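The structure under discussion appears below in the form of structure tokens.
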Amino acid sequence: MKRPFAELSGTGSYAPPRVMTNDEFSKILDTSDQWIRERTGIRERRVSSKDESNACMGKAAALQVLEQNGLTPLDVDAIVYATASPDRLLPSAACDLQAILGAKNAAAFDVGAACSGFVYALNVAEGLIASEQGERVLVVAAEKLTSIMDWTDRTTAVLFGDGAGATLVRRSAGARGILASYMKSDGTLAELLYRPGGGAAHPPSEELLKDHSYYIKMAGREVFKAAVLSMADACDHALQRAGLAAGDVDLLIPHQANIRIIEATAKHAGVPMDKVYVNVDRFGNTSAASIAIALDEAVKTGRLVPGMTVMFVAFGAGFTWASMVVKW
């Protein structure tokens, strides 16, 4: 097993106080609590208010991490921000966070890899440290997906939630840290999970709102198949690169998209479900933020303690997929 170069230090998360249950969806859509639970494993999710911006949620998670490390915002060398639902397209969510956080000494930029974003961002942070661009890199993943989902589409509206998570990546001082990682993508499958309008190719217009092409579109069955295959591929590669076997994994934290995807991925990876962290039932799919939120919960509830080996695995629009093995 190789000596890690960078480690994750401290965790933080934020979830809006507004909880929306499946029963509430049944009042506005042709669906039911049973239908949603059987197909997704979700029973509730968090919905942000108009006053809870993406960057504000990211700030709440980031401040927890800085406090745990005894740092101030001025000590941060870089901010790598993972999101698919920024408050605005220009400037980046990272720059918005930098401003409200007061991290004026930091370089700040976004990583756009959808649900794989947190793992991608961790890889970028490790690279910044390796290239001596900084010693303390704040990685934040935040989503306000309820602002870009179609509330009239029962196949997607019931899936998503809002929230944020964060960690600090710094040079490893010992045996703990990132052991191996893997990233891949396939842009030819982009239109299975995407937002057709709203960008430069199809700028915002009254027509986009009328035909709902501003919102997330997903071919659920095809995405399910691709997610399982890709996350299985990612697990295999990360473990191989780390020189470890499935039995060496103490905890698997997958992207929280769907309980059936999680179960299929764990089965392929050879990790029993009692070693898999699941909170999709309470948060739904929070895209880039899902692993970050789950990681913070796992630490704070004692599911993940120093000395354990944890593996992250994610799949998202792009398609993108990624995995990482970390000695905690």
Side-chain angles (χ1 to χ4, degrees), residues 8 11 13 39-42 45 82 84 113-123 139 141 143 145 159-161 163 165 167 178-185 193 220 223-242 244-299 301 303-304 308-326 328:
L8 279 58
T11 61
S13 66
R39 288 160 179 78
T40 68
I42 301 168
R45 72 286 296 147
C115 302
S116 304
F118 181 64
V119 184
Y120 268 62
L122 291 175
N123 271 284
V139 174
E143 299 286 11
L145 293 172
L159 301 177
F160 301 109
T167 189
I178 299 170
L179 302 180
S181 60
Y182 174 76
M183 298 185 294
K184 200 167 183 182
S185 60
L193 176 53
V223 171
F224 182 97
K225 294 176 183 177
V228 172
L229 292 173
S230 300
M231 289 171 75
D233 168 71
C235 287
D236 289 346
H237 278 85
L239 286 173
Q240 182 180 22
R241 290 181 177 182
L244 299 175
D248 298 314
V249 175
D250 298 304
L251 187 66
L252 174 65
I253 303 181
H255 167 49
Q256 308 288 311
N258 178 306
I259 189 60
R260 293 189 295 169
I261 293 176
I262 292 172
E263 290 172 343
T265 301
K267 181 178 180 180
H268 177 91
V271 178
M273 283 302 295
D274 62 359
K275 289 187 176 182
V276 180
Y277 195 85
V278 177
N279 66 4
V280 67
D281 57 318
R282 293 179 289 111
F283 291 94
N285 182 345
T286 55
S287 191
S290 77
I291 291 179
I293 293 171
L295 172 62
D296 183 50
E297 279 199 336
V299 171
T301 59
R303 285 289 302 277
L304 181 60
M308 282 187 170
T309 298
V310 59
M311 180 161 65
F312 310 137
V313 60
F315 170 88
F319 285 153
T320 63
W321 57 101
S323 55
M324 178 173 283
V325 180
V326 178
W328 195 253

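What's counted below: heavy atoms across the whole structure, side chains too, no hydrogens, waters or symmetry copies. Not measured: the values here are computed from a predicted model.
Nearest heavy atom pair, residue His255 against residue Ser290, reads ND1-OG, 2.6 Å. Taking each heavy atom of Gly247 and Lys275 in turn, the nearest pair found is O-NZ, 4.3 Å. The minimum heavy-atom distance linking Ala238 with Met324 is given by the pair CB-N, 4.4 Å. In this structure, Gly163 and Ala289 approach most closely via the heavy-atom pair O-CB, 3.6 Å. Here the closest heavy-atom approach between residue Ala232 and residue His268 is recorded as CB-CD2, 3.1 Å. Taking all atoms of both residues into account, the shortest heavy-atom contact from Ala114 to Ser287 is C-OG, 3.5 Å.
Note that OG1 of Thr286 is 4.0 Å distant from CD1 of Ile293, once rounded to the nearest 0.5 Å. Put simply, CZ on Phe312 and OG on Ser181 are 11.5 Å apart, with the number rounded to the nearest 0.5 Å. Here the CZ-CG distance, from Phe315 to Asn258, works out to 12.0 Å after rounding to the nearest 0.5 Å. One finds the OG atom of Ser323 at 11.0 Å from the CD atom of Gln240 (value rounded to the nearest 0.5 Å). Distance check: Thr309 OG1 to Leu252 CG gives 12.5 Å after rounding to the nearest 0.5 Å. Going from atom CD1 of Ile42 over to atom CD1 of Ile259 covers 10.0 Å, rounded to the nearest 0.5 Å.
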Report task. Could you please spell out the steps behind the side chain to side chain contact (heavy atoms under 4.5 Å, CB included) verdict for Phe283 and Glu297? Result -> CA-CA 12 Å; Phe283 291 94; Glu297 279 199 336; 3.3 Å; yes

Requested in this report: Report the C-alpha separation of Cys235 and Thr265 in whole Å, then their side-chain angles, then the decisive distance to 0.1 Å, and conclude whether the side chain to side chain contact (heavy atoms under 4.5 Å, CB included) test is met.
Outcome: CA-CA 8 Å; Cys235 287; Thr265 301; 4.1 Å; yes

Query - Asp250/Trp328 under side chain to side chain contact (heavy atoms under 4.5 Å, CB included): CA gap, chis, key distance, verdict - result: CA-CA 10 Å; Asp250 298 304; Trp328 195 253; over 6 Å; no

Query raised in the report: Checking side chain to side chain contact (heavy atoms under 4.5 Å, CB included) for the pair Gln256/Ile262: CA distance, chi angles, key distance, verdict?
Result: CA-CA 7 Å; Gln256 308 288 311; Ile262 292 172; 3.6 Å; yes

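Remark: side-chain polar atoms of Glu143 are paired, donor with acceptor, to backbone N or O of Ala84 under 3.5 angstrom. The backbone N or O of Val119 sits less than 3.5 Å from a side-chain atom of Asn123, completing a donor-acceptor pair. Counting only distance, with no hydrogens or angles, the side chain of Ser116 and the backbone of Thr320 share a donor-acceptor pair below 3.5 Å.
Side-chain contact, Asp236 with Tyr182: no donor N or O sits under 3.5 Å from an acceptor N or O.
For the side-chain contact (heavy atoms from CB on, under 4.5 Å) with Met311, the lone residue among Leu239, Leu179, Ile253 that qualifies is Leu239. Evaluated for a side-chain contact (heavy atoms from CB on, under 4.5 Å) with Leu159, the options Thr40, Leu145, Val280 yield exactly one hit, Thr40. With Leu8 as the fixed residue, the side-chain contact (heavy atoms from CB on, under 4.5 Å) test singles out one of Val299, Val310, Leu295: Leu295.
Put simply, the side chain of Cys115 reaches to within 4.5 Å of the side chain of Asn285, judged on heavy atoms.
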